[in-house]
Amino acid sequence: MSQAKTVKLRIKRQEAPAEAARYDRFEVPWLPQMNIISALMEIRKNPMTSDTKQKVAPVNWDSNCLEEVCGACTMLVNGRVRQACTALIDHVAPAGEEITLEPMTKFPLVRDLVVDRSRMFEDLKRVKAWVQLDGTHELGAAPRQSPENQEEAYPLSRCMTCGSCLEACPQVNSSSSFIGPAAISQVRLFNLHPSGSMHAKERLESLMSEDGLAGCGKAQNCVEVCPKGIPLVDSIAQVSRQATKHMLFGWLFG
Amino acid sequence: MAAKSAIRSESGKVRRVVVVGGGLAGLMTTIKLCEAGVPVDLFSLVPVKRSHSVCAQGGINASVNTKGEGDSPRIHLEETAYGGDFLANQPPIKGMTDAAPGIVYMLDRMGVPFNRTPEGLLDFRRFGGTLFHRTAFAGATTGQQLLYALDEQVRRYETLGVDDDNGIAIPGEKMVRKFEFWDMLSLIKDEQGVCRGIVAQDLKNMQIEAFPGDAVCLATGGPGIIFGKSTNSVINTGTAASAAYQQGACYANGEFIQVHPTAIPAADKLRLISESARGEGGRVWVPKSPNESRRGRDVPESERDYFLERRYPGYGNLVPRDIASRELFLTCFHEGRGVYNTRTAKNENEVYLDLTHIPKPTLKRKLAGILETYEKFVGEDPYENPMRVFPAVHYSMGGLWVDFERSADGSLVHDSPRNHATNVAGLYAAGEVDYQYHGANRLGANSLLSCLWGGMVTGPAMVSYRKNMGRSAYDASSSLFDGAKKREQAKYDAILKMDGPENPFKLHAELGQMMLIDVTIERHNERLDEVIAKIDELDERQRRVSVLDTSSRMNQSAQFVRHLSNMIVLARVIAQGARNRDESRGAHFKPAFKERDDANWLRTTMAMHREGPNGHGEVTYVRELSYAIAGKTLTVSDSVDVGLVTPRPRKYEQAGAANAAAPAAPKAGDASAKPAVSV
């Protein structure tokens with residue numbers, strides 16, 4: 001008889017950015033349809049390392065919806081950035097291999113697998129990623145939009161601000177302040193909207209500095225890792241064209 | 001005496017209000033407050049963009065009638081009341097359904113990428129409980145798209161300054177201050193019982209702070225995690241609602257828990273497959289032969305039992321969720337006709353949800369989001385194979401009791417401070433955390449609507465309350481806030497010292513398992529008695545847990561110990577409410593009491609908390625309550641305002657039954673004839 005199937009995990013633990021990191025090993029019972037999150041949930045029920053048999057604090061991680069629409073549980077699974085909820089154990093470790101979990105590296109660490117992604121939300125302020133509404137009172141129907149316009153906008157609008165694209169981008173690092181693909185793609189989205197486009201200029205201008213569009217090194221890693229398949233490289237190219245046009249001819253039209 | 005300045009307190013501080021929860025209802029409330037010039041402190045367990053509203057899939061209802069079917073807000077009202085088995089007060093529903101078209105237009109103006117018709121208009125699809133195309137949608141991730149639109153508007157208010165009474169900007173002040181990764185611990189109530197703010201904890205460093213607020217709105221969503229695995233996000237423990245309840249807020253209709261018929265089973269959560277799958281033509285079936293060993297796609301049409309279509313020819317696959325879930329449960333659990341699994345050699349608790357007859361491009365355009373979810377989590381192609389699904393706990397119709405002020409035309413009095421007010425002065429509630437709109441069973445695609453409408457009403461109600469309040473919370477004595485903070489700090493310090501033999505996460509699994517089995521689709525009194533006894537036992541055992549982690553940095557274990565305790569309190573409200581209600585109505589079904597009993601039970605369950613002996617919470621149910629608002633004391637009863645749509649038995653076997661003209665007037669003495677509110 002074979003032994004009951006288990007899931008083996010090796011998890012980077014760190015109390016705070018300034019403190020030393022270590023890796024803890026855990027082994028939990030395998031369950032059908034299990035994903036990384038359910039494995040982490042099992043650890044909490046008996047937080048003991050599998051090799052040194054030490055009682056440790058349960059692992060802290062970030063998660064919420066568990067169906068890959070909120071973006072919270074983004075982390076490195078075997079070195080690759082992705083959402084932990086869609087990382088099914090049987091896919092990641094088909095033969096029961098040990099799985100390594102680490103926090104993303106491009107954001108300040110909070111604890112264990114949790115990082116602080118607030119810079120991404122600040123970037124959305126900078127590029128004015130919104131339609132400038134007159135108010136929420138009744139003002140009748142919005143401008144009509146073609147189905148084609150909707151079909152271009154919808155995929156862009158599915159960005160969860162998860163940070164995968166920033167994590168994978170070589171231009172986002174400690175010595176650069178490149179804004180990254182996510183915010184640029186939002187500029188494309190709002191410049192597409194009939195009323196959003198009225199403020200396209202301001203958004204483009206927010207990306208004219210060194211850390212804006214010019215920061216992209218065209219490595220195309222972002223598109224590889226985006227869980228929603230957002231055409232980020234296209235977005236950067238499109239917004240760059242809009243910016244160039246605005247820079248060259250913007251003064252003509254005021 | 002009203003405060004002198006609308007913006008500054010006597011001591012010169014900027015008068016803000018508190019909104020707890022950054023989902024659709026909280027964000028909409030925030031936007032309405034900001035538009036009225038009232039600055040907001042917004043608290044959320046997660047960055048607001050990651051709130052549970054993102055999980056809503058199918059769409060939002062509004063009777064825009066662009067398909068020429070003769071739909072109208074009046075019919076939307078009738079079908080909502082009928083779908084809810086007449087337990088909801090009808091004036092708030094009328095307000096909501098009348099406003100719905102305008103709300104969808106507003107969302108379109110904000111940039112929500114709704115699906116379009118060839119002419120560039122909004123497209124609408126069908127949903128449960130209606131025969132009309134009434135549901136606007138953005139693919140199958142509508143909740144996410146709506147949340148993002150509001151998130152963007154609130155982010156804009158984060159960048160806008162606050163002006164004083166003379167229109168001069170106040171340095172350093174912004175209209176919205178966000179406190180993300182913060183957990184509300186308790187309300188701050190003064191000697192008069194008026195809510196003056198909240199105590200909250202920063203989950204990154206576990207610091208506890210007291211925050212004044214001229215008024216407080218809870219928009220903290222539902223308590224699905226009490227049931228262990230559900231379609232809910234992990235933050236939906238109901239902790240803030242439970243805290244408010246323990247501090248005197250009334251909790252209404254707690255026993256009404258919606259079980260959604262179609263979800264994908266898994267180890268960590270049950271992922272929803274939206275009702276829109278059926279709205280777009282998806283069909284539910286099981287093989288006629290219980291031992292069918294062929295794959296779903298290989299079973300010929302003549303050998304399939306489309307049991308919903310067979311039993312409910314009028315609404316077919318789009319019967320409301322309470323009925324669909326019961327039918328699925330009956331088919332799998334009682335009849336043993338769930339899909340046969342050749343590996344396990346048994347009939348699983350699963351039925352087929354079949355979309356394979358619909359052209360792939362249509363599916364991609366309208367349902368890609370959920371089909372992607374199915375593919376990612378199950379590893380099968382739903383374009384080629386019928387999906388396998390089973391019911392899952394999804395939504396709470398019950399929640400914090402809130403008031404409303406009925407207008408002459410049967411709707412809501414605009415700007416009344418009573419709308420969405422709880423019985424704790426200064427405390428409001430909006431969204432799934434309130435009990436207002438859905439009665440005994442919510443119709444699909446009405447939740448996004450009720451969140452937005454709830455916010456649109458709650459914001460102005462808070463503005464009215466704040467305008468007429470006496471002293472600002474910012475002028476209350478500092479000892480009020482210091483005392484509240486100290487109390488919560490002491491409670492938290494005690495949690496950090498807990499070193500008993502029980503594991504809080506295991507206790508939660510026990511709680512969830514029991515609630516899931518005995519307090520969902522079918523309820524039996526003898527089982528409910530056992531559940532209540534078991535809740536008492538869990539309440540004892542949770543006092544002997546180990547906190548597992550004593551770190552002063554982010555400490556999710558210590559936080560969970562608190563949430564568990566609050567979940568146990570609400571579990572008791574839910575289970576006891578179910579035990580008491582000896583009838584069947586909407587999502588509450590007792591095989592021993594199969595009929596709806598309007599004479600005895602057409603009334604709101606109103607639960608109040610009382611500290612019992614041994615420190616156990618006790619639930620007391622009241623028939624009326626008195627509360628103070630706008631300088632008056634109002635007494636409200638548990639009778640339901642059904643003055644707009646007369647209660648009648650539900651008959652989804654018949655097409656159009658949900659909006660047919662009401663039959664003969666109710667018998668004399670029927671509870672339905674009484675007004676809901678007496679002043």
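Each chain gets a letter, A, B and so on, in the order the sequences are listed, and its residues count up from 1. Because the structure is a prediction, the values reported are computed rather than measured. Just so you know, these numbers use all the heavy atoms, side chains as well, and skip hydrogens, waters and symmetry mates.
Side chains of Trp182(B) and Ser44(B) form no contact here, defined as non-hydrogen atoms less than 4.5 Å apart. Considering only heavy atoms from C-beta on, Arg188(A) comes within 4.5 Å of Asp234(A) through its side chain. By the 4.5 Å heavy-atom criterion applied to side chains, Met104(A) and Arg117(A) are counted as neighbours.
Here Ala129(A) is the residue among Ala39(A), Ser195(A), Ala129(A) with the most heavy-atom pairs under 4.5 Å with chain B. Residue with the most contacts toward chain B among Pro58(A), Ala153(A), Ser146(A): Pro58(A) (heavy-atom pairs, distance under 4.5 Å). The most heavy-atom pairs under 4.5 Å with chain A, out of Asn503(B), Asn555(B), Val104(B), come from Asn503(B). If you tally non-hydrogen atom pairs under 4.5 Å between each of His193(A), Glu138(A), Lys228(A), Gln145(A) and chain B, the highest count goes to Gln145(A). When each of Lys204(B), Arg271(B), Met28(B), Met106(B) is scored by its heavy-atom pairs under 4.5 Å with chain A, the top score falls to Arg271(B). The candidate with the highest count of non-hydrogen atom pairs below 4.5 Å against chain A, out of Gly111(B), Gly143(B), Pro265(B), Ser51(B), is Gly111(B). Taking Lys506(B), Arg155(B), Lys376(B) one by one and counting their heavy-atom pairs under 4.5 Å with chain A, the maximum is reached by Arg155(B). Ranked by heavy-atom pairs under 4.5 Å with chain A, the list Cys34(B), Cys55(B), Ala368(B), Ala266(B) is led by Cys55(B). Across Leu40(A), Asp116(A), Ile37(A), Asp62(A), the residue that shares the most heavy-atom pairs under 4.5 angstrom with chain B is Asp62(A). Comparing Arg116(B), Lys49(B), Arg50(B), Glu152(B) by heavy-atom pairs within less than 4.5 Å of chain A, the highest count is held by Arg50(B). Of the residues considered (Cys65(A), Ala16(A), Pro32(A)), Cys65(A) shows the highest number of contacts with chain B, using heavy-atom pairs under 4.5 Å. Comparing Leu31(A), Asp134(A), Leu133(A), Leu156(A) by how many heavy-atom pairs each has under 4.5 Å with chain B, the most go to Leu133(A).
Of the possible donor and acceptor atoms, none in the side chain of Arg158(A) sits under 3.5 Å from a partner among the backbone N and O of Gly229(A). Of the possible donor and acceptor atoms, none in the side chain of Glu102(A) sits under 3.5 Å from a partner among the backbone N and O of Leu113(A).
The contact between Thr117(B) and chain A is made entirely by backbone atoms, counting heavy-atom distances below 4.5 Å. Looking at Lys32(B), the atoms closer than 4.5 Å to chain A (heavy atoms on both sides) all sit in the side chain, from C-beta outward. Residue Ile235(B) touches chain A through both its backbone and its side chain, counting heavy-atom pairs closer than 4.5 Å. Pro101(B) does not touch chain A: none of its heavy atoms, backbone or side chain, sits under 4.5 Å away. With a 4.5 angstrom heavy-atom cutoff, Glu375(B) does not touch chain A via any of its atoms. Using a 4.5 Å cut-off between heavy atoms, Gln556(B) contacts chain A through both its backbone and its side chain. Contact annotation for Asn35(A): only side-chain heavy atoms (C-beta onward) come within less than 4.5 Å of a heavy atom of chain B. In this structure, chain B has heavy atoms under 4.5 Å from both the backbone and the side chain of Phe121(A). Interface remark: Phe114(B) contributes backbone atoms only to the contact with chain A (heavy atom separation under 4.5 Å). Contacts between Asn115(B) and chain A at a heavy-atom distance below 4.5 Å involve backbone atoms as well as side-chain atoms. For chain B, no part of Pro194(A) is nearby; none of its heavy atoms comes within less than 4.5 Å. The parts of Glu119(B) that come within reach of chain A are both its backbone and its side chain, each placing non-hydrogen atoms under 4.5 angstrom from that chain. For Ser551(B), the parts lying near chain A are the backbone and the side chain together; criterion is any non-hydrogen pair under 4.5 Å.
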Take Tyr148(B) and Val112(B), measure what side-chain contact (heavy atoms from CB on, under 4.5 Å) needs, and give me the verdict at the end.
-> CA-CA 8 Å; Tyr148(B) 289 3; Val112(B) 173; over 6 Å; no

Could you go through the side-chain contact (heavy atoms from CB on, under 4.5 Å) check for Cys73(A) and Cys85(A) one step at a time?
-> CA-CA 7 Å; Cys73(A) 67; Cys85(A) 66; 3.8 Å; yes

Just do the side-chain contact (heavy atoms from CB on, under 4.5 Å) check on Tyr157(B) and Thr30(B) with the steps written out, would you?
-> CA-CA 9 Å; Tyr157(B) 279 112; Thr30(B) 300; over 6 Å; no

I would like to know whether Tyr23(A) and Arg13(A) meet side-chain contact (heavy atoms from CB on, under 4.5 Å); could you show each step before the answer?
-> CA-CA 6 Å; Tyr23(A) 285 84; Arg13(A) 309 294 305 268; over 6 Å; no

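Using a 4.0 Å cut-off between charged side-chain N and carboxylate O, Glu19(A) and Arg111(A) make no salt bridge. With respect to the salt-bridge test (charged N to carboxylate O, under 4.0 angstrom), the residues Lys45(A) and Glu42(A) qualify.
At a cut-off of 3.5 Å, with distance as the only test, no side-chain donor of Thr141(B) or Gln57(B) sits close to an acceptor on the other residue. A donor-acceptor pair shorter than 3.5 Å can be found between the side chains of Thr86(A) and Glu68(A).
Across all their heavy atoms, Gly139(B) and Tyr154(A) have their closest contact at CA-OH, 3.8 Å.
Atom CE of Met48(A) has more than 12 heavy atoms from other residues, nucleotides or ligands within 6.0 Å.
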